[in-house]
Trainee: 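Let me begin by handing over the structure; questions about it come next.
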Amino acid sequence: MIVLRDKKDLLVAIDELKRSEKKITLIPTMGNLHEGHKALIRCAPMDTFKVATIYVNPLQFNDKDDYVNYPKSTESDINLCKELNIDLVYAPELDITTEIDIENRIDLPKFSGYLCGATRKGHFQGVYTIVKHLFSLIEPDYACFGKKDFQQLVLIKYIASTYFQNLKIIEVDTVRVNNIALSSRLSRLDEKTICDGQIIFKSLLKIREQLLKGDKFSEIKDSYIDEIEKLDFNVEYLEHRNNDTLETAENHLSNTSIFVACNVKNVRLIDNIQI
Ligand code: PAF
């Protein structure tokens, strides 16, 4: 496995890979790899060069403390990539945002302002900028992204369809352990809080059951928020929206999901469930 730390070496290596018939799959990450990332890597099509990136992108953090405290474990991440048969890891040591031509005015699609975009100012702008940059550098044929960050996935699909029409986005199911959607930030929580956090996904399961039985989301939503908040989780949003436009679902069930974000002890947890 090749490990590269700077753009020049990356470009040379990609050039080399491009000479082969074999296609390239990109797995972008911010490191501190867990089972969710392993699932992304396992979904890379066989017989492709697997390129993983490990880079904590400062542009997508709206909260400086969150950026500073973001867990980092690059050496063990690199070892894990090797075990999982990654061919090339790009793990820049320096701030690579200085090498990006930051677009002055990015017209993000309307849905980027909903859900996480409503409170995390600049977050999707940052994701858009780094992902578009990585797509341009690496020119992958496939790229794997998780459904836990569903809104991010919708944005990535928008970037691919607008600028990289030959790129296929592979959507990977959320990995949950004991009903908790895995996230690198979980390592900042104690066991009791993580255990209490099961209420988030359990609520999504119950809401789906009730909606399928004919209950109205608007009539049951508040009772679920109350239940979750009894455990000291602060619910940022609990919403029923369309999977493509992320507009409010207005009592339609097909092609919709329930989306939730909660804050606990300065850690933000998100999850979603398809109806
Ligand atoms: O999902 C993530 O880990 C990040 O948002 C990504 C896609 C690697 C961009 O920094």
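When a ligand or atom number is given, it counts from 1 through the structure's own listing order.
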Trainee: Within 45° of the six-membered ring axis of Tyr163 and under 6.0 Å from that ring's centre, is NZ or CZ of Lys132 located there?
Mentor: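 Flagged: Lys132 positioned over aromatic ring of Tyr163.
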
Trainee: Show me a pair-per-line table, with atom names and distances to 0.1 Å, of protein N or O atoms that are under 3.5 Å from an N or O of ligand 1.
Mentor:
unit_1	atom_1	unit_2	atom_2	d
ligand 1	1 (O)	Gln152	NE2	2.8
ligand 1	5 (O)	Gln60	NE2	2.9
ligand 1	5 (O)	Gln152	OE1	2.7
ligand 1	10 (O)	Gln60	OE1	2.7

Trainee: Decide whether Leu137 and Ile156 are clustered together by the hydrophobic rule: side chain heavy atoms of Ile, Leu, Val, Met, Phe, Trp, Tyr closer than 4.5 Å, transitively.
Mentor: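 Linked, Leu137 and Ile156 end up in one cluster.
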
Trainee: Check salt bridge (Lys or Arg N to Asp or Glu O under 4.0 Å) between Glu21 and all other residues, then give those that pass, not counting sequence neighbours.
Mentor: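 So Glu21 forms no salt bridge (Lys or Arg N to Asp or Glu O under 4.0 Å) with any residue.
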
Trainee: Give me the one residue out of Asp63, Asp66, Asp65 that meets salt bridge (Lys or Arg N to Asp or Glu O under 4.0 Å) with Arg185.
Mentor: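 Going through the options one by one, the only one that passes is Asp66.
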
Trainee: Hey, are Arg5 and Asp9 close enough for a salt bridge, meaning a charged N less than 4.0 Å from a carboxylate O?
Mentor: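 Looking at Asp9 together with Arg5, the answer is no, because their closest N to O distance does not fall below 4.0 Å.
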
Trainee: Check whether the ring centres of Phe150 and Phe259 lie less than 6.0 Å apart, and answer yes or no.
Mentor: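 For Phe150 and Phe259, the ring centres are under 6.0 Å apart.
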
